[in-house]
Amino acid sequence: MTIIDGKKVSAELKSAIRDEVIRRNSLGLKQPHLAAILVGNDGGSETYVAAKVKDCEEVGYISTLIRFPDTIQETELLAAVDQLNMDPSVDGFIVQLPLPRHINENNIIEAIDPSKDVDGFHPVNIGKMALGLSSYLPATPSGILQLIEYYKIETSGRHCVIIGRSNIVGTPLAILLSRKSSPGNCTVTLCHSQTKGLKEICLQADILIAALGKPAFLTGDMVKQGAVIIDVGTTRVPSATTKSGFRLSGDVNFDEAAPKCSFITPVPGGVGPMTRIVLLQNTLKAAGDKKQ
Ligand code: GUN
C-alpha cells in the first residue's frame, strides 16, 4: 500500500511555478496577479483565503484580498466582480464560497469574466471542460488528476466510483475521468444521497473517490482488495488534542480502508495541498504571455 503524498507533489509543483515566475520576470512578462473576494468571516473561508494569499507570496505573484461584511447586498458584490473583470492588472480572481444566504451564488459566478475565472466554476468553463476544450479546470478535480498522473496510476478501462455529485468536485471529476484522455478512459459511476446499494457498487470500484463531506463515511467493508482510494473530505471535527480545538477528518475511515488499498490519500496531506497549487497554475495560465 502506498500513501499518496500530496504535500510532496504540491511542493514540487510549487517550486516549478516559482521558477516559471522568475523566467517570466527575466523575459519582461507580467507578474501574475490573483485577487480574492472574501465576504464575512467564516472560519474555514478565512483559513483558505489566507493560505491562498501566502501561496501567492511564496511563488512571486501579486495578490489582492478584497473583504466585505456579510451584510453586503448582491448588487454591491456584483459591482465588485465587475470592477475586477475590468481591471487589466488582475489576471484572475475568485469569490470565496460559501456566500451568505441572501446572495445567489450562481448570479455571482455567472458575472465573473470566464477568462478570469481561475476557479473554473463559470458555466462557460464547465461547458468547455465537458467538451474537452481548453479551460480553467476546477481545483480539486484537477489536483486529483495530477496526483493520479504523478503516481502513474492506470485509469484506462478501470471502474471509478465517485461518491458525491457536487458542482465543484464529483460532477466535474465524473466528466474528466470518463474523457478519452490520459488520465481518463474510466468507466465512471457517480453515486449520491439517493443511490441504492452503495456498498455493492463501491465493492466493484478499482478507483474509489469519496467526496460527500461526511467524516469516516467510507468503511473498510466497502473497499475491494487493491483499490485506489482518493479522499476529498475535509470536515472540521472537534478535537481535544489540537491547539485549535479541531482537526480535519476525511470521508474515509483510513485505518480500516488503508490495509486493503494499493494507493490511498491521507487527510490532511493528500488532495488538500494540491487544490491550492491548481489555483496558482490557473492564474499562471491567465497571465499567459501578457507583457509587464
Ligand atoms: N470554497 C471551498 N472551496 C472553494 C474553492 O475552491 N473556491 C472558492 N471560490 N470557494 C471555495
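Counting convention: from 1, in listed order, for ligands and their atoms alike.
- At under 3.5 Å, a nitrogen or oxygen of V95, whether backbone or side chain, sits near a nitrogen or oxygen of ligand 1.
- Between D221 and K199 there is a salt bridge, since a side-chain N of the basic residue sits under 4.0 Å from a carboxylate O of the acidic one.
- The N/O atoms of Y48, backbone and side chain alike, include none that comes under 3.5 Å of an N/O atom in ligand 1.
- When only interatomic distances are considered, the shortest N/O to N/O separation between I94 and ligand 1 does not fall below 3.5 Å.
- A salt bridge between R23 and E20 is present, with a side-chain N of the basic residue lying under 4.0 Å from a carboxylate O of the acidic one.
- The single protein non-hydrogen atom nearest to atom 11 (C) of ligand 1 is Q96 NE2, 3.3 Å, given as residue, atom name and distance.
- In this structure a side-chain-to-backbone donor-acceptor pair under 3.5 Å is present from S166 to V169.
- Look at K14 and E58 and you find a salt bridge, because one of the NZ, NE, NH1 or NH2 atoms lies within 4.0 Å of a carboxylate O, short of that distance.
- D119 OD2, 3.3 Å is the protein heavy atom nearest to atom 8 (C) of ligand 1.
- Looking only at protein heavy atoms, the nearest one to atom 1 (N) of ligand 1 is L97 O, 2.9 Å.
- Close approach of ligand 1 to F121 is summarised as follows: ligand atoms under 4.0 Å from at least one heavy atom of the residue are 5 (C), 6 (O), 7 (N), 8 (C), 9 (N).
- Other residues, nucleotides and ligands contribute more than 12 heavy atoms inside 6.0 Å of the NZ atom of K260.
- Looking at R276 and D55, a side-chain N of the basic residue comes within less than 4.0 Å of a carboxylate O on the acidic one, giving a salt bridge.
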